[in-house]
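Supplied in structure tokens, the structure appears directly below.
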Amino acid sequence: MKETRLGEFEEVILLLVGILGEEAYAFKIAEEFESQTNRSVSIGAVHSTLNRLEDKGFLTSEMGKSSAERGGRRKRIYTITASGERALEASRDFKLSLWRQYPAFATGKLDFGLK
Amino acid sequence: MNDHKPIPPKLAERFLLWFIRNDLAEEVLGDLDEKFYQTFEKKSAYRARLNYWYQVISYLRPFAIRKSRSINSNYIFMIRHNFLITFRGFKRYKASFFINMIGLSTGLVCALLIYLWVNDELTVDKFHEKDDRLYQVMQNFESSFGINTIEWTPAPLAKTLMDEMPEVEYAVPVYPPASYTFNSVVAIDNKRLKARAKYAGKDYFNVFSYRLIHGDRDQVLHDKNSVVISDELALNLFRTTENIVGKTITWEQGEFAGDYAISGVFEKIPANSSIQFDMVFNYELYTSKHLELQNWSYNDPCTYIILRDDARAEVLSNKVADLTKTHDPNAEGSLFLRKYSDQHLYGNYENGVNTGGRIAYVILFSVIAIFILLIACINFMNLSTARASRRFKEIGIKKSIGAKRSTLAVQYLGESLIMAFLSLIAALLIVQFLLPQFNQITGKQLALGLDSSLLLSLCCITLVTGLLAGSYPALHLSGFHPIKILKGNASTSSASLWVRKGLVVFQFTASVILIILVLVVSNQMAFIQSKNLGYEKDNVVYFNADSWNSGELETFLNEVSTVRGVINASAMKGNLTVNDHNSTAGITWEGQLAGEEVKFTDLVVDFDFFETMGIEVASGRTFSRNFSTEDSKIIFNEAAVKSMGLIDPVGQSVKLWGRERQIIGVVKDFHFESLYESVKPCFFRLGDKSMNILIKIKAGTAIETIAEIQDLYQKKSQGMALDYQFLDEAFQRLYASEQRVSILSRYFAGIAIIISCLGLFGLAAFTAERRLKEIGVRKVMGAGELSIITLLSNDFTKIVFIAISIALPVAYLLAKNWLEAFAHRIDLEWWFFIGAGALALIIAWLTVSIQTIKAARLNPVICLKDE
């Protein structure tokens with residue numbers, strides 16, 4: 001049985017795949033990651049994570065269209081699977097339940113816009 | 001900015017393609033291109049290129065790297081395929097596999113054991129740091145018997161060399177010479193132990209690199225009253241090697257008896273030193289008691305020197321040649337240098353010329369090892385080529401789909417290398433198992449220590465064996481024409497048949513030669529053992545009594561002769577089983593021609609010597625206690641009388657070293673030296689110092705008589721245990737190395753025969769299998785079993801006959817050559833040769849018959865039903 005929990009980086013990548021939809025391929029995801037987090041990342045690192053997530057069954061992929069700036073090469077488009085979505089939900093729920101037990105949050109001093 | 005767009009760095013791209021998984025290449029290259037152009041637009045071409053490299057390197061992750069990183073996976077695949085084919089072949093043809101395996105590993109076992117032995121022999125005495133500059137001064141004496149070469153040198157030689165020869169860095173005299181030692185008792189408080197001593201010049205430890213644990217190598221031998229002892233002796237005396245420098249021990253050797261202070265401790269002499277001793281005294285201590293050793297005409301000590309770095313041994317050797325004559329006009333010897341480490345392997349001199357020595361055995365065994373390995377390799381070649389027909393289809397198909405000849409050759413060589421390495425593993429296990437027995441036979445302490453040099457040699461031996469064994473099959477099998485063999489009309493060419501037969505002939509020739517040599521060697525050894533020596537060596541006990549004075553000796557001999565079971569007791573200087581008797585030309589006789597000179601061996605004996613040893617008297621009488629002036633009498637052996645040309649010698653007088661002595665008797669010749677030598681002239685005189693006691697005891701009473709002698713001895717020597725030996729056993733030890741060679745060669749010849757037979761067995765099996773149809777047809781037509789057996793055996797009989805006819809003359813020459821070293825030798829009997837030939841033939845027949853009988857008894861229906 002493969003490890004099915006999500007790491008922090010994995011979770012972000014998984015979310016980005018969902019956000020980018022049709023445009024979710026390694027280079028774009030790395031771009032998006034950099035612009036959203038201001039952290040630099042290599043395409044290789046992203047690709048490796050995508051590969052791992054695919055192994056875990058959270059992603060599927062298929063070869064997409066080619067374009068000129070890619071030298072006519074096709075790209076691999078990733079899509080979230082049902083179990084990928086479940087893993088994201090579980091991760092979010094788990095964190096929310098933790099947040100709810102956090103006293104400062106419970107008394108309303110902190111507000112993340114989540115009700 | 002440039003007009004045309006830059007492109008991603010080609011090198012990085014190629015690098016990426018080299019390592020990345022094929023299925024990822026397209027998408028990754030695409031992503032990296034996009035990244036490259038984006039960076040280029042945002043930043044610069046340079047940054048883009050740099051980033052491209054960074055991205056490529058960041059793809060060096062396990063998930064992206066292709067599993068097998070070889071450029072040409074076909075190559076790997078072929079190697080894997082070859083392995084597979086090899087192991088399938090082993091599994092399928094188990095009989096040939098085991099024949100090859102047994103043959104090769106037996107061959108390797110022999111080669112390994114011999115390698116260990118030879119290696120050990122070659123390192124004897126080589127461990128001295130200055131080995132390349134360590135020389136020994138030797139001396140040649142001319143006499144009517146030719147040139148006699150001895151190790152003893154004039155006593156003042158070492159000092160003179162130091163003083164007069166600038167080439168000499170160190171020179172030390174050592175007494176007693178060569179490997180002899182003074183054996184006596186060393187004592188502290190009430191502990192008494194036997195020890196072996198040398199007397200050596202003060203630079204002894206500078207010349208020889210025996211390791212000093214305590215003491216300074218320049219200082220330890222400076223004082224006449226000090227002694228250096230081995231750590232082994234120290235442990236036995238003091239139970240420690242620490243803090244014993246300065247302690248006093250008592251040494252009880254005759255004139256040197258006294259107390260000595262320990263000035264140093266050396267590490268036990270290593271086993272591969274030809275000289276063994278427990279303690280070293282100062283040489284001047286010895287000369288102080290032997291003032292005659294200031295004189296150039298006395299040849300007593302050995303002289304060892306260290307040359308200076310820039311000095312040449314040959315030059316110095318010429319320079320010292322006449323050194324004795326310049327100091328003593330009467331001296332006859334001429335000096336020369338010999339490398340010290342050569343003494344072990346090149347110790348024999350004949351008429352002034354080095355005739356080798358143990359090196360002969362080293363070469364002999366190396367040759368045997370090579371022969372046995374060769375025989376084993378030939379088995380492999382023979383069986384592989386013979387089995388070629390089984391592989392016709394494989395070869396044909398491989399060749400027609402494009403295998404090159406070299407590819408096939410590599411395959412077969414690989415096969416034989418795998419075989420060789422498997423055999424090596426088996427051989428190592430067997431050697432480990434056999435080593436104790438082998439050590440017992442060789443009298444060595446060999447061990448299979450896996451050091452780098454051994455490993456290297458092992459790999460070399462195995463590699464050579466594998467390549468040699470595989471060479472012929474590789475060349476032969478890979479040369480087949482694919483069309484012919486696939487059509488099925490490729491019969492083995494007559495040339496290859498010839499080679500195969502030739503190889504078997506070679507194997508059997510080698511085996512027959514070995515059998516004959518073994519017969520000759522063991523017969524010669526038996527001959528020596530049973531040879532009438534001219535004295536009776538059985539039931540004689542002897543032991544050393546160097547430390548006794550003449551009075552003590554006399555009373556002991558008197559007491560011992562009263563012991564029941566003692567027939568006679570006497571004493572002599574030296575020993576009949578060791579060639580260390582002095583010889584002299586100092587005898588003049590009446591009728592001696594001017595310039596005529598005979599070298600006589602000087603044997604110093606006590607009363608009753610001839611009676612004790614059972615030496616026959618030819619005329620006259622022996623020394624007797626009934627006469628008071630026996631000190632001025634002399635006895636000769638027949639050889640001496642003959643060489644002096646005396647007629648009716650008893651009663652005549654000769655002059656020994658200027659003093660008149662009357663001849664009272666002549667004894668028959670007996671062997672007082674090794675049987676390599678003929679009996680030389682010798683004379684006997686009475687003496688009373690430094691004797692070995694000889695006691696003849698009644699046969700069958702050895703145990704109780706020796707017990708009584710032991711009691712007597714212990715009383716005399718304050719509780720020392722008697723260290724006695726039987727003369728016949730000592731005599732056997734004298735020929736120990738011949739004995740060992742004889743035993744070893746018997747084993748090796750046996751092994752050679754076994755390996756040859758394995759080959760023959762395999763070949764016979766193959767022939768029988770190939771001619772199965774023919775046999776079937778013949779049987780259907782009415783041939784009897786016997787006629788089929790003869791049919792199949794005929795081929796092999798012919799081969800073995802050819803081998804025998806080649807082997808006999810070669811063996812004859814070799815045996816004759818070997819026997820020539822002995823003065824007393826057996827004749828080469830015809831039955832050695834016929835016997836060995838017949839033996840080889842019978843063994844060959846037996847081997848082949850197992851297969852032929854099986855084939856002849858086969859039901860023809862079984863072998864013919866296929867067609």
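Convention: sequence-line order gives letters A, B, ...; per-chain numbering from 1. Keep in mind the model is a prediction, meaning the values are calculated, not measured.
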* **Whether over 12 other heavy atoms sit under 6.0 Å from Phe87(B) CZ** => yes
* Asked: Given that the side chain runs from C-beta out, which part of Leu24(B) has a heavy atom under 4.5 Å from chain A: side chain, backbone, both or neither?
  -> side chain
Between chain B and chain A, which N or O donor and acceptor atoms come closer than 3.5 Å?
residue  : atom : partner  : partner atom : Å
Glu26(B) : OE1  : Arg74(A) : NH2          : 3.2
Glu26(B) : OE2  : Arg74(A) : N            : 3.0
Glu26(B) : OE2  : Arg74(A) : NE           : 3.2
Glu27(B) : O    : Arg70(A) : NH2          : 3.2
Glu27(B) : OE1  : His47(A) : NE2          : 3.3
Glu27(B) : OE1  : Arg76(A) : NE           : 3.1
Glu27(B) : OE2  : Arg76(A) : NE           : 2.6
Glu27(B) : OE2  : Arg76(A) : NH2          : 3.1
Asp31(B) : OD1  : Arg70(A) : NH1          : 2.7
Asp31(B) : OD1  : Arg70(A) : NH2          : 3.2
Asp31(B) : OD2  : Phe27(A) : N            : 3.4
Asp33(B) : OD2  : Arg73(A) : NH1          : 2.8
Glu34(B) : OE1  : Tyr25(A) : OH           : 2.6
Glu34(B) : OE2  : Tyr25(A) : OH           : 2.9
Glu34(B) : OE2  : Arg70(A) : NH1          : 2.7
Gln38(B) : NE2  : Glu31(A) : OE1          : 2.0
Gln38(B) : NE2  : Glu31(A) : OE2          : 3.2
Gln55(B) : OE1  : Ile43(A) : N            : 2.9
Ser58(B) : OG   : Ser42(A) : OG           : 3.2
Tyr59(B) : OH   : His47(A) : ND1          : 2.4

